[in-house]
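The structure presented is a predicted model; accordingly, all values stated were derived computationally and were not measured.
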Amino acid sequence: MEQNETPKVLILRFSSIGDIVLTTPVIRCLKKQTGAEIHFLTKKPFAKILEPNPYLTKVWTFEKNVAEVLPDLKNVGFDFVADLHHNLRSFQVKLALGKPARSFDKLNFEKWLLVQTGLDFLPETHIVHRYINTVEKLGVKYDGAGLDYFIPENEEVDLGEILPSNFGEKFTSFVIGATHATKRLPTERVIEFCKKTGQPIVLLGGAAEAAEGEKIASFFENRVVNLCGKLSLHGSASVIRQSEKVISHDTGLMHIAAALRKPIVSIWGNTVPKFGMFPFYPDGLDLNKTLEVKGLSCRPCSKIGFDKCPKGHFRCMKDLVLEV
């Protein structure tokens, strides 16, 4: 690379919402500390998370196979590849580009040991710091400023047009969704939690949670409003930004809430914060309250999740003490 040339860095993270939000400190620190052109390759459905990010030069996407974009990526002339996904597809990109690269440590063996044997050799390290390690050789250090999330102005939600007049300005956002059932409170426990929460509540989630949201809201007269499936991702983020606090399962909107510096009550079922993906705030700020059932011999039962409890009892959620 010529001395006066602007370096070009490609970041790889193909999915999903939370994982991509957790890469934002790498994007920011790279840009601010090196002045590099920062490119990002992800799956097409997740591009909307990254496109408003002012630190990025270009967001590249593919639909099914990374081979769709490899010819164009080769023409860019990247100087370095930061592999924040570390799988077969990311290896394919690195092999095709033939540029210096580094992959983050997924700690798969340590996670397997914890799930299968209960032996805990996981470091006390958040995944953000493991992401940052991939660009340390470029002279980049974590700046302590937490996560970023940028909401396009045209996707901000005017809550005055949606919420009942009795809501006022102080309300709680409750993220009831999560990809896997073993990460979610059963519906009756969500209703129980809503009863414990004195504030008005907005339920957030995707289309898959719309029917459950309607069922939950029906137990409350004008105190719980269901917006599941009615907003874009940025729209849900806008609601979170305007809320006083957030209750959330271990899911993408939890990380968006942390990026927006919101107090969070995080709910943990089959997964555990020790995997390194708990709410991540700027240095010196910790607004997270963790709810989990400690001491269950079957927990964690997976680093991801299941459609139903493998043991059949679902004690990690049914025994959870609900505290606001």
Side-chain angles (χ1 to χ4, degrees), residues 1-15 17-44 46-62 66 69-86 89-105 125-153 155 234 237 255-256 258-261 280-285:
M1 184 175 66
E2 298 293 333
Q3 189 172 6
N4 295 325
E5 231 177 39
T6 301
K8 297 176 181 178
V9 178
L10 177 63
I11 298 174
L12 308 177
R13 182 73 221 190
F14 306 142
S15 62
I17 294 170
D19 301 280
I20 291 172
V21 173
L22 290 168
T23 69
T24 56
V26 178
I27 299 169
R28 180 185 66 246
C29 292
L30 266 170
K31 186 63 178 179
K32 287 191 170 184
Q33 296 174 29
T34 71
E37 280 189 18
I38 313 299
H39 297 239
F40 202 113
L41 176 61
T42 192
K43 290 181 181 178
K44 193 170 185 178
F46 303 106
K48 59 182 177 289
I49 303 169
L50 296 159
E51 285 165 349
N53 193 315
Y55 303 117
L56 284 172
T57 301
K58 184 176 176 63
V59 179
W60 298 83
T61 65
F62 65 95
V66 292
V69 293
L70 286 181
D72 290 332
L73 290 175
K74 290 177 183 179
N75 290 333
V76 175
F78 290 108
D79 300 291
F80 186 80
V81 180
D83 181 3
L84 307 187
H85 206 112
H86 199 178
R89 279 176 169 170
S90 65
F91 176 76
Q92 185 181 354
V93 175
K94 291 181 292 186
L95 184 65
L97 297 183
K99 299 295 182 179
R102 186 170 178 186
S103 304
F104 96 105
D105 189 352
T125 306
H126 198 282
I127 192 173
V128 168
H129 294 292
R130 287 187 276 131
Y131 281 165
I132 288 285
N133 287 344
T134 63
V135 293
E136 278 188 335
K137 69 178 297 182
L138 303 180
V140 174
K141 303 290 184 184
Y142 174 57
D143 59 7
L147 308 175
D148 291 322
Y149 193 87
F150 301 96
I151 305 171
E153 187 176 349
E155 295 220 41
H234 289 313
H255 298 297
I256 290 174
L260 297 171
R261 319 295 192 252
F280 188 81
Y281 292 98
D283 287 355
L285 184 69

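Between L12 atom CG and R89 atom CZ the span is 12.5 Å, to the nearest 0.5 Å. Taken from NZ in K58 to CG in L10, the straight-line distance is 12.0 Å, to the nearest 0.5 Å. Atom CD1 of residue I20 and atom OG1 of residue T42 lie 3.5 Å apart, to the nearest 0.5 angstrom. Rounded to the nearest 0.5 angstrom, L84 CG and L41 CG are separated by 11.5 Å.
A pairwise comparison of heavy atoms in K8 and G77 identifies CD-O, 3.9 Å as the closest pair. What you find for P25 and V128 is that their closest heavy atoms are CG-CG1, 3.8 Å. The minimum heavy-atom distance linking R261 with P282 is given by the pair NE-CG, 3.3 Å. Summarising the geometry of F78 relative to V9, their closest heavy-atom pair is CD2-C, 3.9 Å, with the distance given to 0.1 Å. When every heavy atom of V59 is checked against every heavy atom of L56, the shortest pair comes out as CG2-CD1, 3.9 Å.
Distance alone, capped at 3.5 Å, places no donor-acceptor pair between the E37 side chain and the T6 backbone. Checked by atom type and distance alone, the side chain of H255 never pairs as donor or acceptor with a backbone atom of V21 at under 3.5 Å.
Using a 4.5 Å heavy-atom threshold, the side chains of K43 and F62 count as touching. Annotation: side chain of F150 is not in contact with side chain of T24 (no heavy-atom distance under 4.5 Å). Side-chain contact between D72 and W60 is present, with at least one heavy-atom pair separated by less than 4.5 Å. Taking the side chain as every heavy atom from C-beta outward, L22 and L147 approach each other to under 4.5 Å. Contact check for P7 versus F80: no side-chain heavy atoms found under the 4.5 Å cut-off.
Sorted by first then second residue, the salt bridge (Lys or Arg N to Asp or Glu O under 4.0 Å) pairs that include residues 23-36, not counting sequence neighbours, are R28-D143, R28-D148.
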Is there a side chain to side chain contact (heavy atoms under 4.5 Å, CB included) between L50 and I27 once you walk through the steps? CA-CA 10 Å; L50 296 159; I27 299 169; 4.0 Å; yes

Assess whether side chain to side chain contact (heavy atoms under 4.5 Å, CB included) is satisfied between N53 and F40, documenting all intermediate values. CA-CA 11 Å; N53 193 315; F40 202 113; over 6 Å; no

How far apart are the C-alpha atoms of Y55 and I38, what are their side-chain angles, what is the distance that settles it, and do they pass the side chain to side chain contact (heavy atoms under 4.5 Å, CB included) test? CA-CA 7 Å; Y55 303 117; I38 313 299; 5.7 Å; no

Working note: H234 + Y149, criterion ring pair (Phe, Tyr, Trp, His ring centres under 6.0 Å); need CA distance, chi angles, decisive distance, verdict. CA-CA 9 Å; H234 289 313; Y149 193 87; 5.5 Å; yes

Could you give the side-chain donor-acceptor pairs of residues 130-139 under 3.5 Å, partners two or more places apart or in another chain?
from	atom 1	to	atom 2	distance (Å)
R130	NH1	D105	O	2.5
Y131	OH	R13	NH1	3.2
N133	ND2	H129	O	3.4
T134	OG1	Y131	O	2.6

Please list every donor-acceptor pair under 3.5 Å in which a side-chain atom of residues 91-101 meets a protein atom from a residue at least two apart or in another chain.
from	atom 1	to	atom 2	distance (Å)
K94	NZ	D83	OD2	2.8
K94	NZ	S103	OG	2.5

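H126 and F280 have tilted rings, their planes meeting at an angle from 30° to 60° on a 0 to 90° scale.
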